[in-house]
Amino acid sequence: MSVRRLAEDTVQPEGFRFDRARSAEAKVWIKKYPKGRQQSAVIPLLMLAQDQEGWVTRASIEHIAEMLDMPLIRVMEVATFYTQFMLQPVGTRAHIQVCGTTPCMLRGAEDLMKICQRKINERQFHRNADGTLSWEEVECQGACVNAPMVMIGRDAYEDLTPERLEEIIDAFEAGKGDTITPGPQIDRVFAAPVTGLTSLLDDVKPASGKRAKASAKAGGKASKSAGTSGAATRTGARKVSSTAEIAKTASAVRPKRKPPAKTVEGGNSTMKLAATASGRAKPPAKSAKAAPTAKDAATTKGATTDAGKTGLDDKNRPPVIDKPAQPDDLKLISGVGPKLEGTLHSLGIYTFAQVAKWKKAEREWVDGYLKFKGRIDRDDWVKQAKVLAKGGVDEYVRVFGKKPR
């Protein structure tokens, strides 16, 4: 696994050039670094090349070395070091990287590799008959507690069984990989214990204001009293240090146990913070009640999201419409999947034209409602929607140089 070489010359293309969209993005990355340090953009540029071609070709390495005025061998070193870079043609729909480091091996990684050999190809880096799937064994990918796991593209699929991996492979082969939710494939919250949390169960807040002053004053009196009583002990008795006193007090305290939280929503602020940081919080349980119509949602007074701040009756909420006979396929917007499309529908958002008209305040409202932390602007939903509303998929390809999603 440690030896990584470029593909044979027989499969290498003669040349490489970034398409218009990625060429512009490459320039943005280069400008992020100070003058004389542009070579630091080598990894982002290699990723752009891989996104465009599906793998990193010799020609793309040479082109990037020329762009960055960088010795060819230095770019080659980076490309061959990181297993995220595919150095030969891989499956057009999925390339599966199976972790083969000790924790995953102990938890059944060999069985996962046997599934890949049976369903894809006996040999690594060799594609299936249709050229849609390929696989390889790689070193640790950082999800040891959720072993065994695989990476497909930029997503991790964890807590796998051979049967579950078969289902995932079948979904990608059928072109339905976006229906599989990344992350743990069992009832686990991120990397928490399978049985639920056993620590961080109490949300303890520090005292403030008058309570803090009163606690400090009481603590001072207690220390003084303890000092006096200590002096009154028999002559020659060893004085107990303040650290020992604190330890005695702390050991006598037992926090009130709460039942382990199974979901992010039922957990404390620490869990919710972790969910925000990972960007992959599990959705709340579905309510038995029917989803409100766009008209009902628009007239709801005082309703709020889980964050408690982005109200449905907020003045910055985008205008809603009744569901048209043929809504636009919002999933064509990069960053919108089937579940998110359903959420947008519940807000009365059905067409590209609606998204294309969002002003800054409206984008911020939707971003806050979805807890996206700026993702709408990062993915430029408005520009994508304008292009799709103007000319559909053909116009999207003309502007961005690639098909939607």
Just how far is it from atom [atom1] of [X] to atom [atom2] of [Y], taken to the nearest 0.5 Å?
{"X": "Glu136", "Y": "Ile120", "atom1": "CD", "atom2": "CD1", "result": "11.0 Å"}
{"X": "Arg107", "Y": "Asn146", "atom1": "CZ", "atom2": "CG", "result": "9.5 Å"}
{"X": "Glu158", "Y": "Ile186", "atom1": "CD", "atom2": "CD1", "result": "9.5 Å"}
{"X": "Asp328", "Y": "Glu341", "atom1": "CG", "atom2": "CD", "result": "9.5 Å"}
{"X": "Ile73", "Y": "Thr80", "atom1": "CD1", "atom2": "OG1", "result": "7.5 Å"}
{"X": "His345", "Y": "Leu340", "atom1": "NE2", "atom2": "CG", "result": "10.0 Å"}

Could you walk me through whether Arg164 and Ile180 pass side chain to side chain contact (heavy atoms under 4.5 Å, CB included), step by step?
CA-CA 11 Å; Arg164 181 54 179 161; Ile180 306 296; 3.9 Å; yes
Heavy atoms from other residues, nucleotides or ligands near [atom1] of [X] exceed 12 (cutoff 6.0 Å):
{"X": "Tyr82", "atom1": "OH", "result": "no"}
{"X": "Lys386", "atom1": "NZ", "result": "no"}
{"X": "Arg74", "atom1": "CZ", "result": "no"}

Taking all atoms of both residues into account, what is the closest heavy-atom pair of [X] and [Y], and its distance?
{"X": "Trp381", "Y": "Ser334", "result": "NE1-O, 3.4 Å"}
{"X": "Ala109", "Y": "Cys99", "result": "CB-O, 3.3 Å"}
{"X": "Pro162", "Y": "Asp111", "result": "CG-CB, 3.8 Å"}
{"X": "Arg363", "Y": "Asp377", "result": "NE-OD1, 2.7 Å"}
{"X": "Lys373", "Y": "Arg378", "result": "O-NH1, 2.8 Å"}
{"X": "Asp329", "Y": "Phe352", "result": "O-CZ, 3.2 Å"}

Does the [X] side chain pair with the main chain of [Y], one donor and one acceptor, at a distance under 3.5 Å?
{"X": "Arg4", "Y": "Phe85", "value": "yes"}
{"X": "Ser134", "Y": "Gly91", "value": "yes"}
{"X": "Ser23", "Y": "Arg20", "value": "no"}
{"X": "Asn121", "Y": "Arg123", "value": "yes"}
{"X": "Glu139", "Y": "Thr101", "value": "no"}
{"X": "Arg93", "Y": "Phe172", "value": "no"}
{"X": "Gln12", "Y": "Ala7", "value": "yes"}

Show the numbers, then the answer: is there a side chain to side chain contact (heavy atoms under 4.5 Å, CB included) between Asp130 and Thr92?
CA-CA 9 Å; Asp130 297 330; Thr92 56; over 6 Å; no
Could you check Ile30 against Met67 for side chain to side chain contact (heavy atoms under 4.5 Å, CB included), going step by step and ending with a plain yes or no?
CA-CA 10 Å; Ile30 293 172; Met67 284 183 67; 4.0 Å; yes
Side chain to side chain donor-acceptor pair (under 3.5 Å) involving Lys383 - partner list, sequence neighbours excluded
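Expected list: none.
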Name all residues meeting the side chain to side chain donor-acceptor pair (under 3.5 Å) criterion together with Asp380; count only those two or more places apart in sequence or in a different chain, and write none if there are none.
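Per chain and number, Asp380 pairs via side chain to side chain donor-acceptor pair (under 3.5 Å) with no residue.
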Going by an N to O cut-off under 4.0 Å, is there a salt bridge joining [X] and [Y]?
{"X": "Lys119", "Y": "Asp170", "value": "yes"}
{"X": "Glu166", "Y": "Arg118", "value": "yes"}
{"X": "Asp379", "Y": "Arg375", "value": "yes"}
{"X": "Arg22", "Y": "Glu25", "value": "no"}

Please test Glu395 against Arg398 for salt bridge (Lys or Arg N to Asp or Glu O under 4.0 Å), starting from the C-alpha separation and ending with a verdict.
CA-CA 5 Å; Glu395 180 68 8; Arg398 189 189 70 78; 2.8 Å; yes
Could you tell me if the side chain of [Y] sits less than 4.5 Å from the side chain of [X], heavy atoms only?
{"X": "Lys390", "Y": "Val399", "result": "no"}
{"X": "Cys104", "Y": "Val98", "result": "no"}
{"X": "Glu362", "Y": "Pro319", "result": "yes"}
{"X": "Gln354", "Y": "Pro318", "result": "no"}
{"X": "Ile168", "Y": "Ile152", "result": "yes"}
{"X": "Leu165", "Y": "Gln185", "result": "no"}

Val150/Trp135 under side chain to side chain contact (heavy atoms under 4.5 Å, CB included): CA gap, chis, key distance, verdict
CA-CA 10 Å; Val150 304; Trp135 75 280; over 6 Å; no
Side-chain donor-acceptor pair under 3.5 Å between Tyr396 and Gln384, yes or no?
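Yes, because at least one side-chain N or O of Tyr396 sits under 3.5 Å from a partner of the opposite role on Gln384.
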Specify whether Tyr369 and Trp365 have parallel, tilted or perpendicular ring planes, treating 30° as the upper limit for parallel and 60° as the lower limit for perpendicular.
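If you compare the ring of Tyr369 with that of Trp365, the planes turn out parallel.
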Please verify the inter-ring angle class for His95 with Phe125; under 30° counts as parallel, over 60° as perpendicular, anything in between as tilted.
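Rings of His95 and Phe125: parallel, as their planes differ by under 30°.
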Ignoring hydrogens and angles, write down the donor-acceptor pairs under 3.5 Å from the side chains of residues 41-66, residues two or more places apart or on other chains.
from	atom 1	to	atom 2	distance (Å)
Gln50	OE1	Met86	N	2.6
Gln50	NE2	Gln84	O	2.9
Asp51	OD1	Arg154	NH2	3.2
Asp51	OD2	Arg154	NH2	2.8
Gln52	OE1	Asp19	N	2.9
Gln52	NE2	Arg17	O	2.9
Thr57	OG1	Ser60	N	3.0
Thr57	OG1	Ser60	OG	3.3
Arg58	NH2	Asp9	OD1	3.3
Ser60	OG	Thr57	N	3.1
Ser60	OG	Thr57	O	2.7
His63	ND1	Arg17	NH1	3.2

Identified side-chain contact (heavy atoms from CB on, under 4.5 Å) counterpart of Ile349 within the set Val320, Val355, Ile321:
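Answer to the side-chain contact (heavy atoms from CB on, under 4.5 Å) test with Ile349 among Val320, Val355, Ile321: Val355.
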